[in-house]
There are 2 protein chains.
Amino acid sequence: MHKEHTLTKNQQIIFDLIDKSTEPMKAYSILFNVQKKGIKAPLQVYRALDKLVEIGKIHKIESRNAFIACHNSSCQVAKATAFSICEICEKVTEISSAGLSKYLANFKDKDGMKYSKYNLEFFGLCKKCR
Amino acid sequence: MHKEHTLTKNQQIIFDLIDKSTEPMKAYSILFNVQKKGIKAPLQVYRALDKLVEIGKIHKIESRNAFIACHNSSCQVAKATAFSICEICEKVTEISSAGLSKYLANFKDKDGMKYSKYNLEFFGLCKKCR
DNA sequence: ATATTTATGTTATATTATTACACAGCGTTA
DNA sequence: TAACGCTGTGTAATAATATAACATAAATAT
Ligand SMILES: [Zn+2]
Ligand SMILES: [Zn+2]
Ligand SMILES: [Zn+2]
Ligand SMILES: [Zn+2]
């Protein structure tokens with residue numbers, strides 16, 4: 001139940017673009033692609049991205065500074081994310097594994113740190129590139 | 001057995017600085033701090049950082065664009081890293097948990113992706129900030 | 001209707017990272 | 001020796017990523 005936000009105009013334009021894309025998109029590539037729709041400045045893009053990340057419609061792939069749409073209904077508002085990244089073709093897939101999320105959600109370190117969130121990025125070769 | 005490289009002058013200067021630091025250091029902060037030692041340009045810093053990451057003496061905290069020295073002898077040349085990050089004080093700790101690394105090293109997704117590497121970042125509040 | 005919050009538009013700027021080119025040091029080997 | 005490959009260095013310029021600051025408009029709450 002985390003996709004029920006009404007997006008604003010800019011948010012919708014930018015989400016649609018990312019959602020259509022088969023690969024992670026970078027902020028300035030997004031900017032370039034939405035300029036014909038009237039979004040002219042980096043900040044307009046970054047503001048929409050921030051909001052979309054916050055509400056869990058997209059995720060940021062930190063190691064790539066790029067964004068993908070969430071296609072995992074079980075990922076809890078971007079608080080627990082896992083991705084696989086192919087180091088050759090750069091294909092990124094969101095991992096949805098109940099076992100993995102359960103393991104990580106319950107993980108506790110020896111310092112008594114209480115975790116509210118995690119992000120995991122796996123790297124390797126995808127089927128095609130292997 | 002992954003710390004046995006002979007560092008070059010620039011690599012040693014930059015490693016020493018990061019190693020002394022109690023918090024993750026950013027590239028341009030490193031640059032500022034080593035200018036008195038003759039390292040004057042960003043590229044000199046980034047080249048040393050790249051090498052230090054490659055040989056596993058430091059790690060990059062992707063979500064922060066910052067670097068910390070490795071204090072975990074069991075992390076396999078930066079191929080399997082996990083950190084806890086306090087969202088208030090920004091303290092970062094490298095997690096060394098045999099259980100966790102074993103679980104992640106053995107994790108396989110349904111697409112048959114073969115992982116050679118992972119990076120995990122946990123976020124929450126540290127003891128002090130809780 | 002008024003206050004508050006959220007989103008927008010715009011300009012400028014800060015921060016992070018790489019490209020390109022010249023050259024120095026070192027070990028290999030022809 | 002000399003030629004070569006490899007790694008590291010120095011320097012300038014520039015690319016790519018992200019935010020600050022300020023003004024205004026739209027949506028929401030009291
Ligand atoms: Zn998701
Ligand atoms: Zn691939
Ligand atoms: Zn380590
Ligand atoms: Zn803290």
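Just so you know, these numbers use all the heavy atoms, side chains as well, and skip hydrogens, waters and symmetry mates. For clarity, every value in this text was computed on a predicted model and none was experimentally measured. Lettering of chains follows the sequences in order, A, B, ..., and the numbering in each one begins at 1.
By the 30° and 60° cut-offs, the orientation of the rings of F107(B) relative to Y115(B) is parallel.
Between the side chain of K110(B) and the backbone N or O of S96(A) there is at least one donor-acceptor pair closer than 3.5 Å.
Overall, the helix from dA1(C)-dT30(D) to dA30(C)-dT1(D) carries an axis bend of 30° between its ends, with five pairs at each end and the value rounded to 10°.
When the side chain to side chain donor-acceptor pair (under 3.5 Å) test is applied to R47(A), no partner is found at least two apart in sequence or on another chain. Remark: Y46(A) engages no residue in a side chain to side chain donor-acceptor pair (under 3.5 Å) (not counting sequence neighbours). Listed by chain and residue number, nothing satisfies the side chain to side chain donor-acceptor pair (under 3.5 Å) test with D50(A) (two or more places apart in sequence, or in another chain). With sequence neighbours left out, the side chain to side chain donor-acceptor pair (under 3.5 Å) criterion links S29(B) to no other residue.
Among residues at least two apart or in separate chains, there is no ring pair (Phe, Tyr, Trp, His ring centres under 6.0 Å) pair with a member in residues 9-30 of chain B. Within the structure, side chain to side chain donor-acceptor pair (under 3.5 Å) contacts touching residues 59-68 of chain B (residues at least two apart or in different chains) are H59(B)-E94(B), S63(B)-E121(B), R64(B)-E90(B).
Along DNA chain D, the nucleotide closest to N65(B) and the one closest to N10(B) are compared, and the more 5′ of them pairs with N10(B).
Contacts between residues 23-38 of chain A and DNA chain D, counted as heavy-atom distances below 4.0 Å, involve K26(A), Y28(A). Heavy-atom distances under 4.0 Å link DNA chain C to L43(B), Y46(B) of residues 42-51 of chain B, given in residue order.
With a 4.5 Å cut-off on side-chain heavy atoms, V34(A) and N10(A) do not count as touching. I13(B) has its side chain out of reach of L17(B): every pair of non-hydrogen atoms, C-beta onward, lies at least 4.5 Å apart. With contacts defined as side-chain heavy-atom distances shorter than 4.5 Å, the pair T93(B)/D109(A) does not qualify.
In the hydrophobic clustering, L43(A) connects to no other residue, as no ILVMFWY side-chain heavy atoms lie under 4.5 Å from its own. When hydrophobic side chains of Ile, Leu, Val, Met, Phe, Trp and Tyr are connected at separations under 4.5 Å, I61(A) ends up clustered with I68(A), F83(A), I85(A), V92(A), F123(A).
Atom CD of Q11(A) and atom C1' of dT8(C) are 11 Å apart (whole Å). What separates CD1 of I61(B) from P of dT16(C) is a distance of 14 Å, to the nearest Å. In this entry the distance linking CG of L7(A) with P of dT6(C) reads 16 Å, nearest Å.
Of all nucleotides in DNA chain D, those with any atom nearer than 4.0 Å to a heavy atom of chain A start and finish, going 5' to 3', at dT17(D) to dA21(D).
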